[in-house]
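Residues: numbered from 1 along the sequence shown.
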Amino acid sequence: MKVAAVQMATVPGDVQGNLDAIAAHARAGAEAGCRLLLFPEISDLGYDMAVIGQLGGSSWPLVRQRLLGLAAECGLCLVCGVCLPGDDGLFNALVAFGPRGTILAEYRKVHLFKGLDADETRVFIPGRKLVTFDLDGVRFGLAVCYDLRFPELFRPLALSGCHALLLASAWPRARIGVWQPLCVARAVENQCCLLGANRVGEQGAFPFGGRSLFVTQTGEVTVADERGEGLVYGHVDPQSIAAIRRTIPALNHLRPDVYVEVPDNSAEIL
């Protein structure tokens, strides 16, 4: 299956303009023969906590209608980072809009970022479930940005049969040096492909680092630059993934009975 990560900039609060940009990239992906496109984190509203707090409760109906129609028009799956309202508040979500105009999956970000330069907990509540979906015989697992630093999230996705991991991000330029190594690690240790869509531009919480990428199950990388918009392509082949898992059956060699034991001095280290 041909897939692509969309590297793009967004304008905080300009929902209509951001959706127009998504549509242009979606049509380019369809012309290139892609079956699935992945867009960055909070592509609808832009990664700006103040703007999300103001508009996040009202933007979803327009976003939902537009992206469902766009996926059906282009005949592909659009997996897009959006602000998703719920009964208890707002979620930083990754939603898969299917080629038949239906929602295939909704993932709510489990690990919310809270640091000196951004605090997602001001406007979002954390998700509590891992999410996968199937498309044309390929199983995808969903993750968002800061989730990348937690390998514990990705292992059960692989064990549930995922062939590819989809990571929507707003990774800052200041920390872009660890982005590719972590993406490669998550792919290789789980013997999955990984598609990572990061944003670019200066508008939002901080300057964003780009370098959207596709990583194969053996660690080969196709990566974009740090500033330009565009698509990064890759191919997900379940047979090739099955072959590497037979050659090196690492997922069959796990020792969960050992991992649950915590050394006595661990609290002192932390």
Side-chain angles (χ1 to χ4, degrees), residues 5-22 25 38-57 59 63 79-84 89-95 107-127 142-150 153 165-186 194-215 221 223-232:
V6 178
Q7 182 161 292
M8 61 179 287
T10 57
V11 178
D14 185 6
V15 177
Q16 191 62 59
N18 294 335
L19 290 173
D20 289 344
I22 290 171
H25 288 298
L38 174 67
F39 291 83
E41 181 178 14
I42 311 294
S43 289
D44 54 346
L45 282 172
Y47 190 81
D48 183 299
M49 296 307 115
V51 169
I52 293 168
Q54 293 171 0
L55 302 179
S59 59
V63 172
V79 185
C80 192
V82 299
C83 178
L84 188 64
L90 301 177
F91 293 95
N92 185 339
L94 188 56
V95 178
Y107 167 70
R108 294 159 176 82
K109 187 177 182 180
V110 170
H111 301 99
L112 296 179
F113 182 76
K114 183 177 182 179
L116 295 178
D117 49 4
D119 183 1
E120 295 179 0
T121 65
R122 289 171 44 205
V123 294
F124 293 119
I125 55 177
L142 304 182
V144 177
C145 202
Y146 191 45
D147 286 334
L148 179 61
R149 292 182 180 266
F150 300 88
L153 183 145
L165 307 168
L166 302 179
L167 177 69
S169 192
W171 204 272
R173 194 178 302 159
R175 295 187 283 276
I176 200 63
V178 302
W179 159 261
Q180 183 170 324
L182 288 174
C183 287
V184 172
R186 296 297 88 81
L194 186 146
L195 188 66
N198 195 26
R199 64 174 64 250
V200 291
E202 309 285 335
Q203 293 184 295
F206 32 59
F208 301 100
R211 299 196 66 80
S212 299
L213 45 66
F214 177 78
V215 186
V221 181
V223 62
D225 64 23
E226 294 188 2
R227 297 180 185 272
E229 296 194 45
L231 278 64
V232 177

Closest contact, heavy atoms only, [X] versus [Y]:
{"X": "L195", "Y": "L38", "answer": "O-CD2, 3.2 Å"}
{"X": "P126", "Y": "F91", "answer": "O-CE2, 3.8 Å"}
{"X": "S43", "Y": "M8", "answer": "OG-SD, 4.5 Å"}
{"X": "A197", "Y": "V6", "answer": "CB-O, 3.7 Å"}
{"X": "H25", "Y": "G230", "answer": "CE1-N, 4.2 Å"}
{"X": "L166", "Y": "V79", "answer": "CD1-CG2, 4.0 Å"}

Just wondering, do [Y] and [X] contact through their side chains at under 4.5 Å, heavy atoms?
{"X": "R186", "Y": "V215", "result": "no"}
{"X": "L213", "Y": "V184", "result": "no"}
{"X": "F214", "Y": "V221", "result": "no"}
{"X": "N198", "Y": "I176", "result": "yes"}
{"X": "D147", "Y": "V110", "result": "yes"}
{"X": "V232", "Y": "V223", "result": "no"}
{"X": "R199", "Y": "T10", "result": "yes"}
{"X": "N18", "Y": "D44", "result": "no"}

Between [atom1] of [X] and [atom2] of [Y], what distance do you get to the nearest 0.5 Å?
{"X": "D14", "Y": "L55", "atom1": "CG", "atom2": "CG", "value": "10.5 Å"}
{"X": "L167", "Y": "E41", "atom1": "CG", "atom2": "CD", "value": "9.0 Å"}
{"X": "K109", "Y": "L84", "atom1": "NZ", "atom2": "CG", "value": "14.5 Å"}
{"X": "R173", "Y": "R211", "atom1": "CZ", "atom2": "CZ", "value": "12.5 Å"}
{"X": "T121", "Y": "K114", "atom1": "OG1", "atom2": "NZ", "value": "4.5 Å"}
{"X": "E120", "Y": "I52", "atom1": "CD", "atom2": "CD1", "value": "7.5 Å"}

- [ ] Look at the rings of W179 and W171 and say which category their plane angle falls in: under 30° parallel, 30 to 60° tilted, over 60° perpendicular.
- [x] tilted
TODO: Would you please classify the geometry between the H111 ring and the F150 ring as parallel, tilted or perpendicular, with 30° and 60° separating the classes?
DONE: parallel
- [ ] Look only at the side chain of Q7 and the backbone of G228, and say whether a donor-acceptor pair between them is shorter than 3.5 Å.
- [x]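 Yes, Q7 side chain to G228 backbone: donor-acceptor pair under 3.5 Å.
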- [ ] Let me know which of Y47, F206, F124, Y146 forms a ring-ring contact (aromatic ring centres under 6.0 Å, His included) with F113.
- [x] Y146
TODO: Sort out for me which residue in C145, C183, S212 forms a side-chain contact (heavy atoms from CB on, under 4.5 Å) with S169.
DONE: C145
